[in-house]
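Dropping the structure in here first, questions after.
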Amino acid sequence: MDKKDKLDLAIVSVFTIIFSIASSILSYMKYISFHDTVFDLGVSSDLIKNATSNSIEYQKLIYLLMFPVYHFFPSQIGLMVFQDAFICAGSIPLYFISRKIIENRKYSVIISILWLMYFPLTGVQWFDFHFMALFPTLFLIGFAFFVYGRYKESLVFMYLAGITDLLAPVILIFFILILVIKKSKVPKYYLYVILIPIITVMAAVIIIEPGYIAYFVNLHSLSTNPGILYSSLNRKILYFVLAGIPLAFISFIVPEIILIIPYMGLVFAHNYIPYFQPVLYQYPALIASGMFISFIYGLKRIESKKFKVKIKHVMPVVFAITIITWLLFTPYGNLITDNNSGIPYANEISMGNYDAYSSITCTIEDKELNSMIMKIPKGSSVAIQNNMPQLVQSYNFVLPFNNYNGSPEYIITDPYSTWFYDVAISPGAYTNTVSLANEKLSSGSYGILYEESGMILMEKSYTGTPKQFIPYEVTAMNNSIINFMPPGNYSVNSNANVRLVTGGETYNLISDNGYSHFKIKKYITNVKIEFSSTQEIKFIQQNYIF
C-alpha cells in the first residue's frame, strides 16, 4: 500500500468514524427514550449472554462466537454501538474492492462514502439489533480477500457471513454460482470448502427445525394461496427500484446482481410488509453488499466499448442522487428536513418515516420509567411491554400475549408507548398490557409500588402505599381525546359539568365551585372529553386510590 492509498484509507476511516458516532448517538437516544424493542434487542442480547444455557439457534450461529465477550460485558447499548460501527466499517473492504476492480483511487473513496450514505442501510442501523446486520460487512471482507486472491482468509469471513442469518448461506451459494457463470479462475478447493459446510448446516436446520424452514419459505400459505406471489406486486417491485436508485441502477447491468435473488424470493413469497419496506427495518442488510459489488462491476462495464460511458460523468450523478435519497429516507434526513410533515410524498414512497424527533427525545417520563425499572430486583419475574428490552437481560420476563393470565412478581406499565395498548405484532398475537394491569388492580392481588406520571410498577401481594407518587396531569379541550388516564383520585378545574366517554363507559363529573372530583380505579384509554366551554381544562391526579 503506497502513501496515496494510505491517505485515501485515512479519509474513508474519518468518514466511517463520523457516521459510526452519529448512528450510535441515535441508537443511544432511542434506547433511553424506550423506542427499542424486546423482540430483537432484548431477545438477541439475552440469547448471546446465555448462549451456553439455551438451546442452539441454528439459523444465526454467530451469536455463539459473540458469547465470550458479551457474557462478561453484557451491555445492550454496547451491542447497538457495535452493530452501527460494524455496518459502517463495510466502507473499508469496499475501498479495497473498488481499487482492485476499477483501479481508481478517487472513485474508490467516493464509493466508500456512498456506502455510508446508502439509505436502506441506515434502516438497518436504526433497527434495534439483529444478527443479519453483521452479514454485509463480513461478506464484503470475504469478497475483498477473494478479489485479491487470498482465498483462505476469504473463506473465514465467508463462513462468518454465512452464519448470521438463515438466508445468508443461500446468498453464498449464489456467489458460487456467479463464479461458475463467469468461469472465474479460483482453486477448486475454494468452491468445495464453501459449499460443503453450507449445505451441511442448511440440512441440519431442515432436519432439526423443519417448521422454521417451512415458515421461512411460506410453504403452507403459498400452497393454499399462490396469489401471494403477485400480491402487493407494485410495492415489492418498488422496493428493489428504490434500492437501485441511489446507485443509478448501474447494479442491474452485471451478473453479480443475482446476489440479491435469494432475498427477492423471500419478498415475493410473503406478504410481510417489513420485507419490502425500504426504511426502518433490518432486511436491506441482505442485499446491500450485493448491490454495491454489482455497482462496482457495473462501473467497470459502462466504460467498455459497448456502453462508451465515462465513470467521471456518472459518479457526480450517483453522488447527487445518494445525497437526495439520504435526506428523504434516513433519520438524519428526517432531522434536517422534517420529512414526516414537510415532504409527505417521501413517506408514501418509502411506506414510512423515522419520525426521528419524537423517537430520540428522552422525556421526563422516560427518566421516571427508567428509575422504576432500576427498582426491580435482578432475576425477578416481570410482565413488560415490547419497548422495554432493559428488562429482558437478567430478568425472567414475559410479554402478556393474548389472554395471558400469569402472576409474575412485578408488572410495569408505560402508557406513553403504543405497546401499552393492543398493538398487532403478527396475525393472532398482540400485547395487552392495559388489560393485564386493570385485571390485576381489580383483583386486589397486586399493589402499586411506584406510580409516577401515570406509569405504574405493581408488585404481587403488596399492600402498602406507593413508595413514590408523582401526580399525572393532562389538559384537554372540548371534544378532544386523551390517550389514557391512570387510576387515582382526580380534580378538574371547570365551571361546567364534564363527561368522560371511553368504550362503553361514561363518567359524569359535576362541577362544584369550579372544580369536579372523581375517582378512577383502573386505566381508562381513548377518553373523549365533553363539556360546554371553549376553554381548556386541566385534570390533576391528587393521590393514589388505595
Side-chain angles (χ1 to χ4, degrees), residues 11-12 14-16 18-23 25-26 84 87-88 90-91 94-95 98 102 106-127 136 234-253 257 260 276-281 283-285 287-296 298-299 302 309-357 359-360:
I11 294 172
V12 172
V14 169
F15 274 95
T16 300
I18 291 172
F19 276 83
S20 297
I21 292 173
S23 57
I25 290 173
L26 290 185
D84 294 342
I87 291 172
C88 289
S91 62
L94 260 180
Y95 172 81
S98 303
I102 62 176
K106 178 174 65 176
Y107 299 142
S108 298
V109 171
I110 293 174
I111 289 170
S112 293
I113 296 173
L114 293 177
W115 173 265
L116 297 170
M117 300 186 71
Y118 187 55
F119 84 86
L121 270 179
T122 59
V124 185
Q125 292 174 306
W126 177 267
F127 195 77
N234 291 339
R235 277 295 181 182
K236 291 176 179 179
I237 293 173
L238 180 61
Y239 176 88
F240 296 99
V241 171
L242 289 172
I245 284 177
L247 304 177
F249 301 112
I250 294 172
S251 302
F252 295 103
I253 65 174
I257 195 60
I260 74 171
F276 50 93
Q277 185 170 339
V279 297
L280 298 171
Y281 295 99
Y283 300 107
I287 65 169
S289 54
M291 292 295 295
F292 270 80
I293 288 171
S294 302
F295 174 65
I296 294 169
L299 287 176
I302 63 175
V309 178
K310 297 294 184 182
I311 295 179
K312 66 180 181 180
H313 297 145
V314 171
M315 288 303 287
V317 175
V318 172
F319 197 71
I321 296 174
T322 296
I323 291 176
I324 293 170
T325 54
W326 183 82
L327 288 171
L328 290 176
F329 305 127
T330 72
Y332 313 102
N334 190 174
L335 289 168
I336 295 170
T337 65
D338 193 21
N339 69 358
N340 57 305
S341 59
I343 314 176
Y345 292 113
N347 302 332
E348 292 182 24
I349 292 171
S350 63
M351 301 175 66
N353 69 79
Y354 291 93
D355 199 10
Y357 289 104
S359 298
I360 64 173

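As the structure is a prediction and not an experimental result, all values here were calculated from the model. All values below come from the heavy atoms of this structure, side chains included, with hydrogens, waters and symmetry mates left out.
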* To do: Mind checking the CD1-NZ spacing from Ile302 to Lys310? Nearest 0.5 Å is all I need.
  =>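 One gets 10.5 Å once the value is rounded to the nearest 0.5 Å.
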* **Heavy-atom side-chain contact between Ile111 and Trp115 under 4.5 Å** =>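 Ile111 vs Trp115: side chains apart.
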* **Smallest separation among heavy atoms of Ser20 and Cys88, with atom names** => OG-CB, 3.2 Å
* To do: Using a cut-off of 6.0 Å, state whether more than 12 heavy atoms not belonging to Phe15 lie near its atom CZ.
  =>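 12 or below, so no.
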* Grab the two heavy atoms, one from Phe119 and one from Thr330, that are nearest each other, plus how far apart they are. => CB-CG2, 3.6 Å
* Asked: Considering only heavy atoms from C-beta outward, does the side chain of Ile11 approach that of Tyr95 to under 4.5 Å?
  ->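 No, every pair of side-chain atoms sits at 4.5 Å or beyond.
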* To do: Hey, could you give me the CG/OG distance between Leu335 and Ser359, rounded to the nearest 0.5 Å?
  =>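 Reported to 0.5 Å precision, the distance equals 9.5 Å.
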* To the nearest 0.5 angstrom, please state how far the CG atom of Asp355 sits from the CG atom of Leu280. =>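 Result: 10.0 Å between the selected atoms.
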* Name all residues meeting the side-chain hydrogen bond (donor to acceptor under 3.5 Å, both in side chains) criterion together with Ser91; count only those two or more places apart in sequence or in a different chain, and write none if there are none. => Thr16
* Can you check side chain to side chain contact (heavy atoms under 4.5 Å, CB included) on Val241 and Phe249, steps first, answer last? -> CA-CA 8 Å; Val241 171; Phe249 301 112; 3.9 Å; yes
* Is there a side-chain contact between Pro284 and Tyr239, using heavy atoms and a 4.5 Å cut-off? -> yes
* Starting at CE of Met351, measure out to CZ of Phe276 and round the result to the nearest 0.5 Å. =>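 If we round to the nearest 0.5 Å, Met351:CE and Phe276:CZ are 5.0 Å apart.
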Under 3.5 Å, which donor-acceptor pairs do the side chains of residues 312-320 form with other protein atoms, sequence neighbours left out?
none

* Asked: Between Ala22 and Tyr332, which heavy-atom pair has the shortest distance, and what is it?
  ->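 Of all heavy-atom pairs spanning Ala22 and Tyr332, the closest is CB-CE2, 3.8 Å.
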* What heavy-atom pair brings Ser294 and Ser251 nearest, and what distance separates the two atoms? ->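 Between these two residues, the closest heavy atoms are CB-O, 3.3 Å.
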* Asked: Below 4.5 Å, heavy atoms only, C-beta onward: do Leu114 and Pro246 meet side chain to side chain?
  ->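 Answer no - side chains too far apart.
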* Please walk me through it: do Ile296 and Leu94 pass side chain to side chain contact (heavy atoms under 4.5 Å, CB included)? -> CA-CA 9 Å; Ile296 294 169; Leu94 260 180; 3.5 Å; yes
* **Contacts of type ring-ring contact (aromatic ring centres under 6.0 Å, His included), residue Tyr118, not counting sequence neighbours** =>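 Scan of Tyr118 (ring-ring contact (aromatic ring centres under 6.0 Å, His included), adjacent residues dropped) gives Phe292.
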* **Atom of Ser350, atom of Gln277 and distance for their closest heavy-atom approach** => O-CG, 3.5 Å
* To do: For the residue pair Tyr354 and Trp126, categorise the inter-ring angle as parallel (less than 30°), tilted (30 to 60°) or perpendicular (more than 60°).
  =>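 Ring orientation, 0 to 90° scale: perpendicular.
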* To do: Would you give the length of the straight line joining atom CD1 of Ile245 to atom OG1 of Thr325, rounded to the nearest 0.5 angstrom?
  => 8.0 Å
* Asked: When rounded to the nearest 0.5 angstrom, what is the spacing between CD1 in Ile257 and CD1 in Ile250?
  ->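 Between Ile257 CD1 and Ile250 CD1, I get 11.5 Å after rounding to 0.5 Å.
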* To do: Could you give me the CA-CA distance, side-chain angles and deciding distance for Phe252 and Ile260, then say whether side chain to side chain contact (heavy atoms under 4.5 Å, CB included) is met?
  => CA-CA 10 Å; Phe252 295 103; Ile260 74 171; 4.2 Å; yes
* Asked: For Pro136 and Ala285, which heavy atoms make the closest approach, and how far apart are they?
  -> CD-O, 3.6 Å
